[in-house]
Every structure is written in C-alpha cells, then in structure tokens.
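This report concerns only the one structure given below.
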Amino acid sequence: MTKGKYFKTGDLIIYGTLLVIFILGTVMVIGSKQISSTTAVVTLDGEEIHRINLGLVDEPYEFRVETTQGDYNIIRVENGRIRVVEASCPDKIDVKQGWISNAHQSIVCLPNRLVIRIIQDKPETDSTIDGLAF
Amino acid sequence: MRKSKLKLTAILLTVLLGVAGAFAIYQGTAHRYEKHTESFLDTFDTVTIVVAYTRTQEEFDTYFEKTHQRFRELHRLYDIYQEYPGINNIKTINDNAGIKPVKVDEDIIDLILFAKKWYKQAHGKTNIAMGAVTGIWHEYRETGRNDPEAAQLPPMNKLKAAAQHTDIDKVIVDTANGTVFLEDSNMRLDVGAIAKGYATEVVMREMAAQGLKSAMISAGGNIRAMGKPLDGIRERWGVGIQDPRASIFSDDGLLDVVFINDGSVVSSGDYQRYYIVDGKPFHHLIDPATLMPAAHYRAVSIVAEDSGVADFLSTELFLLPFTESKELAESIDGVEALWVMPDGTVEATQGMLRIMRSQGASGAKAK
C-alpha cells in the first residue's frame, strides 16, 4: 500500500525517461570513441603501399618492398610492432633501428625512400606525443 | 496541486537534461577536427612530417601539398652542393666568390641577413661564412662513412688555412639590387646550421596566413608547432626530446617530453652526424676557435617561438662553454634551453623545467 505512493504513473514516466536517456547517452559516448588500435603505414616514395593493423597480427610474417630501381627492404611484422630486417641500402640505418611500436616513432630509409609510420587510433590524452625533436 | 507542480518541474528538468545531453554529444561529434599526418623525403636530406588538425581530408591535402611545394623551393635555394637549372642558389653564390655579386631570390637574402644579425647578437660561434672549414670536415666525413677503413681526420694545417677565409663581414648583401657577394674568393657559405629551421619557420607562417590553425612540422627533428591540438582534449602539443645517451634505436629513446603551443623545439647533438676515426666518433658541430668538434655537451635542445632562432641557438649554445651558454639562453626573452652534459646529467633553464614531463607538465594545461 505504502509502496504505491512511490510508484505512480507519473513517477514511472520520469524514471523511465531518465533511464532511456542514460542508456542512450552511454551508448552514444561509447560509440563515438574508437577502439584503441595500433596501425603501421608503409609508404614508398610518398605513396602508401601497406596499412597494417598491428593489433590483429597473430602470426609474425615478413614481406618485401621493392623500388623501381630494384632496391629493397624486407619488413617483419609481429603483434603490436614492426621493423626492417634486411635492406639493400648501404648504411642499414633502418635495420639497426629495430622495432617500433609507439605513435611518435617512424623508420625512414632515405636511399630507398621508404617510411614506416605508427598511427594510434585512440583518443588523445594529456601525455600524447605529437613529434620527436632529434 | 503542489504535487503536480513538483511533477511538472521534474518532467521539465528531465527534458532539459536530455536536450543538454544530446547537444553535448552533437557538439562532440559534428564538425570535429581530425588529426592528419603525412611526410615527404625529398628536402634537406631528411624526412619532413606534417601533422595538422583539419575538418576534412581535402583541407589537409591542400595544406600538405603547399607545404611540400615550399619546402622543395627553399631546399633548392639553400642547397650548397647542387645546381638547379634556372635557379641562383647558395652554391651559385659560392661559385662566384671573389668574382661577382649574384642576383638571388628574396628567400636567400632574408636567410643571410637573419644569419648575420644573429651572429652579431650572439657570441659569433654559428657562422655561415665557415663553409671553407666545414667543407673540409664534410669531405673527410663522407669519405670516412663510405669507407670506414680509410677514415681520417682533416689535417690541422689545412683547417687553419681555410679558417683564414671565414670573415662574415665579407658576405656583402645588397638588398636594393637583391644580390649577395663573397668578397673573399676562398670563402664559402654553409647554411646547414640554420637553413632547415629557418625554412620551417617561413613555411609555417605562410600556412598560418592561409588559414591553417593547428599544425606541427618536423623537418628532420626540427619541430615547429602552431596553435594547439584541436582534439578538444589537450591545450598543448607534446614533443619528445631524443636522449643522446640512449641509442636512437632504443625502444623509447626519449630524454623527456616538453609541452608547448606556438613554438619550436630544436636539438643539436653529437649523435646527429658523425664518423668514426680509430674507434672514436667525430661529429659535425665544429667550434671556430679549435676547428674541431665541440665537446662541451652531448646535446643541447632549445625551445623558442621562431624555428630559425631555435635552430641557430641550438648550434650556438652547443659550441659555447656552459657558463656562457647558460647566460646567453637566459638573456634572450622567450628562449629556454636544456643541456645534456658529457657525463649524462641534464641542466635546464627555469622556463624549460616548467614544461617538462619529468617535472610534472602535461598536455592538459598551460602553466
């Protein structure tokens, strides 16, 4: 009997509306945020030739990138990281650099005009690094 | 009566809340600035990365193309090694040393006037008229890198002879006629210490004038940021500073991170360009007093609004002993500096400490 006092039709409408707004709001906020993932973008002479979601790599693999002049880089991909394992360039700076996995990192092979860049598809935070002074 | 009034208020409040909530979500998603990144490799012998927040991909592509175009132009003008058909560049000026004034583009006149002005204003260490000396080092470095077995140091008598031809007052700029003349026929210009940073500043200002609001250009690690990141979250850009002690190839490799708005971060370090002679590294930052690589620090990083100034000062402060180096940094408004000493300890100006991650700074708030 006393309970009836608290759950009148009008009250139910209010609580119902509140609940619906809350659920809708939550869904929209979650939906607007992308799921965090790390992507490697490989460009040759400015042209994007590979885009690899590093988070989805189960089995490590290697692939070869070749320039029109016949120069090459062999790239190895593992879960969450990427590197150059072999290259035809004289200085081998790209090979020596090893693995990269963070958003501010990139591998550059100037002689072969190859760039591997890491993009993080996650919301920026107060500690985001946009560039590297070197 | 009172009860139904209360209910009405409650319903109204709920509706209002709902509208406000929906509006907030709408604001968050509509007309949002997106972060875009693209790079090119064909200027200043390094990789240039452009990061910008724009509303559309097309908008970004337009600014990126313009940036790339301008960098290409400035690279050709400031080149000291290569000739380009139909262009008078710094090499043309060098080739005509002691012969005749060379008519050049305004971008070259501006660069040389900038270099002369800062040479006088600072301690005269960063000298674009040192090309005769740095040219010898360049030659020996290239030979040593291509054939490590044959790597040698340049003979001191050769360096000393070249050092007789480095008087910057003999670089004659005629602004009325738009010409540059090297009075000393053995003099050569080397703008390597400033050209990249100066070009970055020129291009960033042009992009800003054309409407770009939020961007960062990294010309081979020479960073110029403009505005703030338009992600709705941060107030400042985060710029990592490479640790000269760690190999650049280590996983993180960061000495620290600084957070800035409109400004530049430029480093000069012994790790940037060097060659090995008898197992010992010799880098490219040559002290005009000793004609040898300076050994006061592993690296110096500068934060200043103007990227040309930051580039100039990073070399100047690297070549000065610590007391003078620090005094110079503190005497110029809006300039902060960080020194990595030979033993690995870090010194920094007060203003630098305030923007460093290790001291509690973040992208959240501008202190």
Side-chain angles (χ1 to χ4, degrees), chain A residues 8-11 13-18 20-22 24-25 27-29 31-33 41 43-46 48 81 83 90-91 93-115 117-120 123-134, chain B residues 4 7 10-11 14-15 17-18 21-22 25 28-29 35 37-42 45-47 49 51 68 145-146 216-218 220-223 225 229 231-234 237-242 247-254 257-259 265-267 269 271-272 301 357 362-365:
Chain A
K8 284 191 177 151
T9 331
D11 295 331
I13 290 171
I14 293 169
Y15 294 137
T17 316
L18 274 174
V20 167
I21 287 173
F22 177 74
L24 271 179
V27 167
M28 283 175 89
V29 166
S32 72
K33 281 198 178 148
V41 180
T43 55
L44 190 64
D45 220 352
E48 182 176 323
R81 57 186 197 163
R83 67 169 295 174
D91 52 15
I93 287 174
D94 51 344
V95 180
K96 288 177 201 156
Q97 187 170 353
W99 297 103
I100 59 167
S101 55
N102 297 320
H104 64 270
Q105 293 179 306
S106 55
I107 296 174
V108 178
C109 177
L110 267 180
N112 297 358
R113 306 165 72 73
L114 173 97
V115 178
R117 219 175 56 226
I118 304 280
I119 301 174
Q120 232 131 27
E124 310 287 9
T125 68
D126 290 347
S127 52
T128 298
I129 296 169
D130 302 279
L132 179 62
F134 55 87
Chain B
S4 64
K7 258 185 205 167
I11 290 169
T14 314
V15 171
L17 261 171
I25 290 163
T29 51
K35 188 179 191 176
T37 306
E38 202 64 70
S39 61
F40 51 86
L41 289 168
D42 53 358
D45 302 317
T46 187
V47 59
I49 305 169
V51 178
H68 189 186
R145 289 191 74 120
N146 290 329
M216 176 183 282
I217 298 177
S218 164
N222 187 312
I223 303 271
D231 50 20
I233 296 161
R234 298 181 294 153
W237 301 92
V239 181
I241 293 179
Q242 191 190 308
S247 139
I248 59 166
F249 310 130
S250 68
D251 200 35
D252 185 308
L254 292 184
V257 179
V258 292
F259 295 93
V265 188
V266 181
S267 298
Y271 56 89
Q272 289 168 334
S301 294
R357 180 176 72 181
S362 81
K365 46 199 177 293

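So you know, we letter chains A, B, ... as the sequences are listed, proteins then strands, and number each from 1. Worth saying up front: this structure is predicted, and the values here are computed from it rather than measured.
Between Ser106(A) and Ile49(B), the closest heavy-atom pair is OG-CD1, 4.4 Å.
With a 4.5 Å cut-off on non-hydrogen atoms, Val51(B) touches chain A through its side chain but not through its backbone. For Val257(B), the part lying under 4.5 angstrom from a heavy atom of chain A is the side chain only. Only the side chain of Ile223(B) comes within less than 4.5 Å of a heavy atom of chain A; its backbone N, CA, C and O stay farther away. Contact of Arg117(A) with chain B is made through the side chain alone, with heavy-atom distances under 4.5 Å. Interface residue Ser39(B): backbone and side-chain heavy atoms are both found under 4.5 Å from chain A.
Between the CG atom of Leu254(B) and the CZ atom of Phe134(A) there is a distance of 12.0 Å, given to the nearest 0.5 Å. Atom-to-atom distance recorded for Phe259(B):CZ and Thr128(A):OG1 is 8.0 Å, nearest 0.5 angstrom.
By the salt bridge (Lys or Arg N to Asp or Glu O under 4.0 Å) test, Asp130(A) pairs with Lys35(B), Arg234(B), sequence neighbours left out. With sequence neighbours left out, the side-chain contact (heavy atoms from CB on, under 4.5 Å) criterion links Thr17(A) to Ile13(A), Ile21(A), Thr14(B).
Side-chain contact between Ile129(A) and Arg357(B) is present, with at least one heavy-atom pair separated by less than 4.5 Å. Taking the side chain as every heavy atom from C-beta outward, Leu110(A) and Leu41(B) approach each other to under 4.5 Å.
Between chain B and the options Val41(A), Val108(A), Thr43(A), heavy-atom pairs under 4.5 Å are most frequent for Val108(A). Ranked by heavy-atom pairs under 4.5 Å with chain A, the first of Gly220(B), Ser218(B), Pro229(B) is Gly220(B).
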